[in-house]
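Take a look at the structure below.
Note on naming: letters A, B, ... go to the chains in the order of the sequence lines (proteins, then strands), and numbering restarts at 1 for each one.
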Amino acid sequence: MSSFDARRVRADTPALARIINGQRITYLDSGATSLPPRAVIEAMSRYYELRHANVHRSVFQTASEATATYEGARESVAHFINAPGGAGEVVFTKNTTESFNLLAKSWGEANLSEGDVVLLSEMEHHANIVPWFMLRERTGIEVRFIPVTDDFRLDLSSVDELMEDVKLVSVTAMSNVLGTINPVKELAATAHAHGALIAVDGAQSVAHDVTDVADLDIDFFAFSAHKMLGPTGIGVFWTRAEILDAMPPFLGGGGMIADVRLDGYSCAGGPTRFEAGTPPIAEAAGLGAAVRYLEGLGMANVAEHERALTGDALTRLGLEFEDRVRVIGPADTTHRGGVISLDVEGVHPHDVAQVLDQFGVCVRPGHHCAKPLMRRFSLPATVRASYGPYSLVRDTDVLIEGLRHAIEMFA
Amino acid sequence: MSSFDARRVRADTPALARIINGQRITYLDSGATSLPPRAVIEAMSRYYELRHANVHRSVFQTASEATATYEGARESVAHFINAPGGAGEVVFTKNTTESFNLLAKSWGEANLSEGDVVLLSEMEHHANIVPWFMLRERTGIEVRFIPVTDDFRLDLSSVDELMEDVKLVSVTAMSNVLGTINPVKELAATAHAHGALIAVDGAQSVAHDVTDVADLDIDFFAFSAHKMLGPTGIGVFWTRAEILDAMPPFLGGGGMIADVRLDGYSCAGGPTRFEAGTPPIAEAAGLGAAVRYLEGLGMANVAEHERALTGDALTRLGLEFEDRVRVIGPADTTHRGGVISLDVEGVHPHDVAQVLDQFGVCVRPGHHCAKPLMRRFSLPATVRASYGPYSLVRDTDVLIEGLRHAIEMFA
Amino acid sequence: MENLDNLYREIILDHYRSPRNRGELPSPPAIRTEGFNPLCGDEIVVYLDVEEGVLANIKLTGHGCSISQASSSLMSSAVKGKTIEQVRDVITTFKQLMTVHESTLQPSGEPVKVDLRAIGELAALAGVVKFPVRIKCAMLAWNTLSQGLDELGSA
Amino acid sequence: MENLDNLYREIILDHYRSPRNRGELPSPPAIRTEGFNPLCGDEIVVYLDVEEGVLANIKLTGHGCSISQASSSLMSSAVKGKTIEQVRDVITTFKQLMTVHESTLQPSGEPVKVDLRAIGELAALAGVVKFPVRIKCAMLAWNTLSQGLDELGSA
Ligand SMILES: Cc1ncc(COP(=O)(O)O)c(C=O)c1O
Ligand SMILES: Cc1ncc(COP(=O)(O)O)c(C=O)c1O
């Protein structure tokens with residue numbers, strides 16, 4: 001673990017000092033959104049206090065600085081995910097969801113037609129389902145799903161059948177409900193062997209382990225800053241330069257054009273073609289700071305830390321509650337991240353979360369924007385606890401105490 | 001002017017303390033983006049420090065607070081523009097540009113077809129042109145332009161002809177190049193008399209005068225927080241509830257759905273149908289604070305203040321430079337806002353801006369994302385100075401001194 | 001934990017554990033109406049038998065949290081056997097009960113006083129208003145009932 | 001103002017006020033290439049007459065800021081009459097001149113030393129690198145020239 005110290009991360013994170021119902025907050029909702037360190041919050045404040053200006057197209061000092069901040073964040077992100085073509089492959093969107101809409105509407109509409117198949121999985125987030133359903137309505141493509149096994153893994157037993165007519169595989173690197181980490185590199189090889197491309201939803205994975213899009217040999221990658229200690233309001237869409245260059249525009253407006261006449265327009269090249277209007281400049285400053293902060297921690301250290309926490313929690317939940325609390329996800333930490341969905345016998349997830357709130361514990365009840373997966377396991381909802389780099393074993397202690405109370409209350 | 005005091009606004013704005021090239025910054029680029037007061041910056045920092053959480057769908061304390069912050073901003077915005085149907089009519093987008101894309105792709109694609117006409121004006125920003133050109137490619141609608149007269153006004157002399165087959169009029173409330181304030185209320189009456197709807201680009205107007213969408217009797221309104229002392233990364237799309245309810249979805253993903261099954265999905269109602277994915281929560285906190293700050297100043301006071309500054313600047317530019325500096329826009333403050341585009345004889349706008357930068361003056365050279373308008377006046381670019389509530393006559397002094405220097409240098 | 005005990009009163013837990021009027025009615029003649037809360041996945045189906053202006057019978061199925069389940073059970077007890085007009089009054093009163101404190105979030109609404117003694121066991125749900133996100137759980141059954149009555153009216 | 005005087009040296013202002021080699025050449029035989037900077041609206045057209053591997057004549061039209069205009073005028077003087085190989089060398093040298101300081105923005109690039117004495121009047125443009133946003137103004141003519149030579153090669 002070298003120099004990584006979760007207590008230091010905790011001390012860097014102002015929101016963890018919050019008192020809820022008389023108790024220090026126990027934040028176990030990093031899968032929904034993460035708590036930014038002071039460095040990220042201050043990067044944005046400083047930006048507004050010192051150098052706020054609209055980017056591009058101006059010569060004055062603060063406008064150059066704002067542009068350097070914005071483009072610098074692109075460089076940082078490219079480095080963080082090891083984009084082979086560098087910053088020119090990094091498009092800033094508003095969130096993962098917009099990244100998938102961009103993929104479906106720009107690349108999808110240009111490259112897919114009736115009879116083509118997009119292969120998703122049953123454990124996808126709605127962000128990687130609904131845009132494809134919308135595309136299906138317009139183009140008649142088929143949307144197919146890789147099933148999920150009873151032990152919460154992708155069922156790849158008949159992958160060759162599944163791959164028939166597939167032009168794009170689009171799967172999550174890590175399930176936001178199960179914690180399952182999918183074999184993205186293998187899927188990429190399979191997709192390419194079948195002449196298909198592969199898009200990966202990195203929303204859950206990117207803040208919790210090393211990302212190397214070049215090594216994974218994938219074609220598209222999407223994630224949100226707010227799940228990686230960064231701000232709301234900015235996300236990333238990455239694809240290889242040669243794909244990006246061939247993609248038609250998505251949203252139209254200022255910044256993305258080369259020329260506009262009364263009778264038509266032509267588009268700019270590079271990532272800016274997909275960044276119509278004033279972009280999230282302060283948010284890019286925050287995202288850049290988040291990337292630097294995470295790189296300072298070391299993503300391998302973060303992964304190891306969270307794996308330890310997850311393993312400990314899985315063991316203790318089993319010992320403490322036996323069958324009263326069922327973990328909806330892999331039972332150990334093999335190819336599994338720090339997202340733990342629970343089904344508490346006889347207590348509705350909403351009520352579990354409500355009782356936990358009285359202990360200052362933040363967990364999320366619901367379908368987690370993965371309704372097909374919930375149906376697959378016949379659950380209306382789960383209670384989900386999820387870890388971040390600032391999480392400690394103490395958080396699990398409070399979680400278990402709260403669960404005990406909830407079970408007693410509704411017994 | 002009652003209690004309005006621009007010096008107080010200035011003192012509230014940290015970025016105005018910046019020293020550029022040895023001089024206090026003279027910020028005359030509010031038309032591009034505005035400088036937020038401390039209250040806005042702190043609203044966002046405090047949000048991240050105290051109550052950051054993902055909105056909706058959770059029961060824990062900070063998630064409720066985050067939701068209240070986010071929905072509270074919707075209420076504040078609804079009040080600020082006097083939305084007749086309240087917060088339920090306010091959709092948060094990422095900027096004005098996305099708002100127009102939402103309008104064109106959702107409402108436009110559902111309601112317009114070949115032969116229908118969208119009537120814009122020659123003074124529109126690309127944000128209100130390119131989305132319609134994109135829609136034209138898909139549907140065969142006609143995009144028509146209201147001409148601009150030699151004295152920089154909409155030429156409505158043959159409005160009945162222009163209105164033929166028009167289903168939507170979409171015009172800016174105030175030109176970001178000319179400063180011209182358009183007769184929106186009259187245009188709304190004309191549009192409705194011809195059975196058309198009317199969309200208004202409020203990006204330039206909303207921070208500089210009172211907005212009352214009910215009184216204007218318009219149908220759509222779009223603007224960006226960053227031009228009204230708020231943050232980057234959030235914009236607004238407003239329409240009347242009955243129109244909103246009938247609009248098909250735009251981007252797909254979490255939050256905007258009612259249900260998702262493997263074979264399809266159904267959509268949520270209200271503004272959330274158009275807010276797929278994690279929304280700009282901290283940015284909504286900032287926008288809410290900006291609205292409160294502006295309401296504290298009083299928009300009528302702001303308008304009066306900027307009108308006085310503009311009148312003074314127009315007079316002095318004329319006296320000082322006579323024909324060497326031409327104002328590209330109305331010559332007095334009648335139906336005109338604080339955006340002053342200049343054409344300096346013999347000095348390219350880029351060079352003017354470069355020289356002004358040495359004086360710490362921030363102005364914008366370029367086509368201002370209004371290329372059709374630049375062509376109309378046969379200009380490749382202008383230098384644009386634009387005022388905000390924190391602007392003072394002193395800013396005009398420095399501008400004039402810098403212009404004098406630029407003219408001498410290139411004489 | 002005081003707040004929590006206020007939310008999960010014994011009556012609520014009792015109605016959650018042993019819901020009243022659970023089941024289905026043949027439809028038709030009964031009116032069948034579905035309610036759905038997309039945010040938390042709660043679902044409810046209300047069956048109404050109306051005879052000569054009186055809600056002769058009501059049955060409920062569905063699933064959800066303790067608040068939504070208890071609220072629907074309490075509702076069924078409160079409205080069964082009442083005239084449609086009386087049922088509408090109870091609905092109105094209950095909606096008022098649920099908005100009293102919401103007004104602290106939305107400063108535009110005027111707080112309305114509800115006479116807790118007049119609503120019997122339903123008063124047990126008064127604690128919900130301190131938990132704004134749970135109000136929609138409590139309201140689900142009631143909104144579905146309203147909708148059912150509207151369908152009845154328009155049939 | 002020192003910085004500014006460094007940017008707008010007298011040579012630059014002179015080439016801006018009195019641009020050399022302004023005009024058109026009949027095309028064909030001349031190669032005509034357009035350059036365009038969408039961000040600031042600068043436009044340039046370069047006409048090249050190449051005879052037996054030598055750039056016998058060059059003419060330019062277009063409009064833009066003093067830096068782009070002066071740069072194109074200085075360029076035309078620097079390359080006219082040179083062999084294509086020599087022209088390419090000048091282009092390479094000039095590109096190096098323009099990237100020396102850009103490397104402070106993009107820490108990945110290695111700074112390259114350019115011998116200012118070897119490039120004559122072009123050295124006047126060295127001050128541009130201190131103004132990163134203006135580099136593209138200075139580069140426009142040169143990129144357009146490069147493109148013209150490429151077209152020549154592929155013709
Ligand atoms: C009139 C007008 N419309 C639209 C826009 C676009 O705003 P944004 O870049 O925030 O989308 C601008 C700002 O540049 C503008 O001035
Ligand atoms: C796996 C996964 N994909 C996509 C998303 C959507 O991210 P956002 O809401 O930031 O668009 C999320 C987060 O909820 C997620 O967990």
Side-chain angles (χ1 to χ4, degrees), chain A residues 14-15 18 20 32-33 35-36 41 45 48-50 52-54 57-62 94-98 101 125-127 129-131 133-134 145 224 226 231-233 251-254 257 259-262 264-265 276-278 280-283 350 353-354 357 362 364 366 369 371-372, chain B residues 14-15 18 20 32-33 35-36 41 45 48-50 52-54 57-62 94-98 101 125-127 129-131 133-134 145 224 226 231-233 251-254 257 259-262 264-265 276-278 280-283 350 353-354 357 362 364 366 369 371-372:
Chain A
R18 177 72 192 269
I20 303 272
T33 200
L35 302 178
I41 303 171
S45 299
Y48 282 120
E49 286 163 8
L50 284 178
H52 180 45
N54 216 323
R57 271 186 309 278
S58 207
V59 299
F60 61 82
Q61 178 73 22
T62 54
K94 64 175 165 181
N95 52 29
T96 308
T97 304
E98 193 192 12
N101 280 274
H125 187 280
H126 295 164
I129 301 177
V130 182
F133 284 177
M134 290 173 133
F145 291 85
S224 297
H226 73 90
T232 56
L251 304 182
I257 56 95
D259 195 16
V260 177
R261 298 167 311 280
L262 287 184
Y265 68 101
T278 302
I281 313 170
E283 291 75 5
H350 242 88
Q354 189 77 63
D357 176 55
C362 305
R364 191 149 293 247
C369 295
K371 292 202 112 189
Chain B
R18 178 73 193 270
I20 303 271
T33 200
L35 302 177
I41 303 170
S45 299
Y48 282 120
E49 285 163 9
L50 285 179
H52 181 44
N54 215 321
R57 270 184 310 276
S58 206
V59 299
F60 61 80
Q61 179 71 24
T62 54
K94 63 175 164 178
N95 51 29
T96 308
T97 304
E98 193 191 14
N101 280 274
H125 187 279
H126 295 162
I129 301 177
V130 182
F133 283 177
M134 291 173 133
F145 292 85
S224 297
H226 73 89
T232 56
L251 304 182
I257 58 96
D259 194 16
V260 177
R261 300 166 310 280
L262 287 184
Y265 69 101
T278 302
I281 314 170
E283 290 76 5
H350 243 89
Q354 189 77 63
D357 176 55
C362 306
R364 191 149 292 249
C369 294
K371 292 201 114 192

Q. Where does A:Tyr265 contact chain B at under 4.5 Å (heavy atoms): side chain, backbone, both or neither?
A. both
**Q.** Segment of B:Ile281 engaging chain A (4.5 angstrom heavy-atom cut-off)
**A.** both
Q: Apply ring pair (Phe, Tyr, Trp, His ring centres under 6.0 Å) to B:His126 and list each qualifying residue two or more places apart in sequence or on a separate chain.
A: B:His367
(Q) Could you report the tightest heavy-atom contact between B:Tyr48 and A:Ala15, atom names first, then the distance? (A) O-CB, 3.5 Å
Q: Looking only at non-hydrogen atoms, find the nearest pair between B:Cys369 and A:Gly254 and report the distance.
A: SG-CA, 3.7 Å
(Q) Looking at A:Thr97 and B:Ala276, would you say the former's side chain and the latter's main chain have a donor-acceptor pair under 3.5 Å? (A) no
**Q.** chain A contact via B:Ile20 - which portion, at a heavy-atom distance below 4.5 Å
**A.** side chain
(Q) Counting only non-hydrogen atoms closer than 4.5 Å, does B:Thr278 touch chain A with its backbone (N, CA, C, O), its side chain (CB onward), both, or neither? (A) both
Q. Could you give the distance from NZ (B:Lys94) to CD (A:Glu283), rounded to the nearest 0.5 Å?
A. 11.0 Å
Q) If you count heavy-atom pairs under 4.5 Å with chain A, which of B:Thr232, B:Val130, B:Leu50 comes out on top? A) B:Thr232
Q.
I'd like to know if the side chain of A:Arg18 and the backbone of B:Thr62 have a donor-acceptor N/O pair within less than 3.5 Å.
A. no
Q) Relative to chain B, which segment of A:Leu262 carries a heavy atom at a distance below 4.5 Å: side chain, backbone, both, or neither? A) both
Q) In terms of heavy-atom proximity below 4.5 Å to chain A, should B:Ser45 be classed as side chain, backbone, both, or neither? A) both
**Q.** Interface residue of largest heavy-atom contact number with chain B, from A:Leu35, A:Asp357, A:Ile257, A:Val260, under 4.5 Å
**A.** A:Val260
(Q) To the nearest 0.5 Å, what is the distance between CG on A:Leu251 and CG on B:Asn95? (A) 8.5 Å
Q) Checking B:Ile129 against chain A: side chain, backbone, both or neither under 4.5 Å from a heavy atom? A) side chain
Q. Taking every heavy-atom pair that is under 4.5 Å apart, which of B:Gln61, B:Glu98, B:Met134 has the most such pairs with chain A?
A. B:Met134
**Q.** Closest heavy-atom pair and its distance - A:Arg364, B:Asn54
**A.** NH2-O, 3.2 Å
Q.
I'd like to know which of A:Gln354, A:His125, A:Arg261 tops the heavy-atom pair count under 4.5 Å against chain B.
A. A:Arg261
